[in-house]
Participant: 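Okay, here's the structure, questions in a sec.
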Number of protein chains: 2
Amino acid sequence: MNAHRLERLVEFRHTLRGFLFFSEEAAAEEGIHAQQYQLMQVVFAATEPTIAYVAERMYLKHNSAVELVGRAVEEGLLLRKRDLIDARRVVLKLTPRGERILMRLVDRHLLELERVGPQIKVALEKVMSK
Amino acid sequence: MNAHRLERLVEFRHTLRGFLFFSEEAAAEEGIHAQQYQLMQVVFAATEPTIAYVAERMYLKHNSAVELVGRAVEEGLLLRKRDLIDARRVVLKLTPRGERILMRLVDRHLLELERVGPQIKVALEKVMSK
DNA sequence: ATATTTATATCGTAACACGATACAAAAGAG
DNA sequence: CTCTTTTGTATCGTGTTACGATATAAATAT
């Protein structure tokens with residue numbers, strides 16, 4: 001176990017955590033949670049955003065996805081729609097409010113990545129070199 | 001709001017989330033939580049690992065750090081030591097068990113980064129290019 | 001000697017994630 | 001066409017994590 005590599009791994013995780021912390025703060029400023037922002041991203045980018053799709057894409061168990069969606073629906077970010085063809089499935093859709101919040105957050109994250117992206121990249125390159 | 005950039009941002013977060021999910025799984029296989037692994041990294045890499053230092057480094061409030069450390073101590077991963085010079089402070093140290101687990105996890109993460117590091121890098125480069 | 005600041009700790013609350021379990025709709029088996 | 005199995009979503013109980021508010025003891029400043 002090379003000590004240099006460990007330190008670089010720690011540094012890499014620190015820069016990542018910094019970015020994720022920014023994300024949490026930005027979401028909070030929009031009055032939502034970081035996971036809700038992630039959920040909205042996934043829903044918006046998908047062609048057929050069902051609970052199962054969200055779970056798979058976010059590496060969650062399906063029941064966790066159900067709960068996450070439930071909270072987002074309660075707060076008016078998302079809508080549940082029963083699939084007419086397959087009545088087991090639920091298709092998700094952003095509300096206008098959810099969409100507005102998502103767009104603002106995406107913009108802010110893109111801006112932040114212009115700042116910290118290079119740092120992340122350097123930290124990653126260092127940790128990958130032996 | 002460029003649609004391409006949004007999709008690339010979503011893709012970037014997805015690769016990141018994939019790495020973090022691996023981290024959670026790897027920690028679970030060692031019988032600990034992902035945050036405990038992060039905590040051990042920070043403690044191990046620091047010259048003077050106090051509660052306040054851990055909190056700052058992990059972007060946590062001090063009380064969250066206290067609680068995280070408390071659970072890690074209970075599970076025999078970490079030791080609390082009152083600082084002899086400044087009796088307000090608590091200095092942390094890995095137990096032999098904690099250190100063994102940390103080393104195994106670091107190795108596995110370095111290996112995983114050889115695999116997903118390039119993916120993360122590409123996704124990051126794409127999201128940064130306009 | 002007293003007031004303020006610093007470092008850690010405790011308590012109540014909420015989001016989040018999970019396993020276990022349930023249930024209705026769809027698909028498959030005979 | 002019934003019966004069984006699979007699929008998609010939902011509910012419940014539990015634990016981790018994180019927070020704000022509050023507390024306490026030690027160190028520092030006045």
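Side chains included, hydrogens not; waters and symmetry mates left out as well; all remaining heavy atoms used.
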Participant: Given that B:Glu67 and B:Ile51 both sit by DNA chain C, which one's nearest nucleotide is further toward the 5' end?
Facilitator: B:Ile51

Participant: Between D:dT22 atom P and B:His62 atom NE2, what is the distance in whole Å?
Facilitator: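 Going from B:His62 (NE2) to D:dT22 (P), I get 13 Å.
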
Participant: When we call it a touch if two heavy atoms are under 4.0 Å apart, what does A:Val90 touch: a base, just sugar-phosphate, or nothing?
Facilitator: sugar-phosphate

Participant: Could you tell me the separation between the CG atom of A:Asp83 and the C1' atom of D:dT9, rounded to a whole number of Å?
Facilitator: 13 Å

Participant: To the nearest Å, how far apart are A:Glu75 CD and C:dA15 P?
Facilitator: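 My rounded result for the distance is 7 Å.
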
Participant: Rounded to the Å, how far apart are A:Asn63 CG and C:dA20 C1'?
Facilitator: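 Spelled out: CG on A:Asn63 to C1' on C:dA20 is 9 Å.
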
Participant: Check the distance between D:dT9's C1' and A:Leu92's CG and give it to me in whole angstrom.
Facilitator: 11 Å

Participant: OP1, OP2 of C:dA9 versus side-chain N and O of B:Arg80: anything below 4.0 Å?
Facilitator: yes

Participant: Whole-Å distance between C:dC16 C1' and A:Tyr59 OH?
Facilitator: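 Those two atoms, OH and C1', are 19 Å apart.
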
Participant: Less than 4.0 angstrom between a side-chain N/O of A:Arg71 and OP1 or OP2 of C:dC16, yes or no?
Facilitator: yes

Participant: To the nearest 0.5 Å, how far apart are CG in A:Leu92 and CD in A:Glu48?
Facilitator: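 So the gap between those two atoms works out to 10.5 Å.
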
Participant: Pick base, sugar-phosphate or nothing for B:Ile85, based on heavy-atom distances below 4.0 Å to the nucleic acid.
Facilitator: sugar-phosphate

Participant: Are A:Glu30 and A:Arg97 ion-paired here, with the side-chain N under 4.0 Å from a carboxylate O?
Facilitator: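 Looking at A:Arg97 together with A:Glu30, the answer is no, because their closest N to O distance does not fall below 4.0 Å.
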
Participant: Step through the shown structure and confirm whether more than 12 heavy atoms of other residues, nucleotides or ligands are within 6.0 Å of CG on B:Leu84.
Facilitator: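 No, because the 6.0 Å sphere around CG of B:Leu84 holds 12 heavy atoms or fewer from other groups.
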
Participant: Whether A:Glu112 and A:Arg115 form a salt bridge (side-chain N of Lys/Arg under 4.0 Å from carboxylate O of Asp/Glu) is what I want to check.
Facilitator: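 Yes, this pair counts.
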
Participant: Counting just side-chain N and O atoms, does A:Ser64 come under 4.0 Å of either OP1 or OP2 of C:dC18?
Facilitator: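 Yes, because at least one side-chain N or O of A:Ser64 sits under 4.0 Å from OP1 or OP2 of C:dC18.
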
Participant: Any side-chain N or O of A:Gln35 under 4.0 Å from OP1/OP2 of C:dA17?
Facilitator: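 Yes, A:Gln35 has a side-chain N/O under 4.0 Å of OP1/OP2 on C:dA17.
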
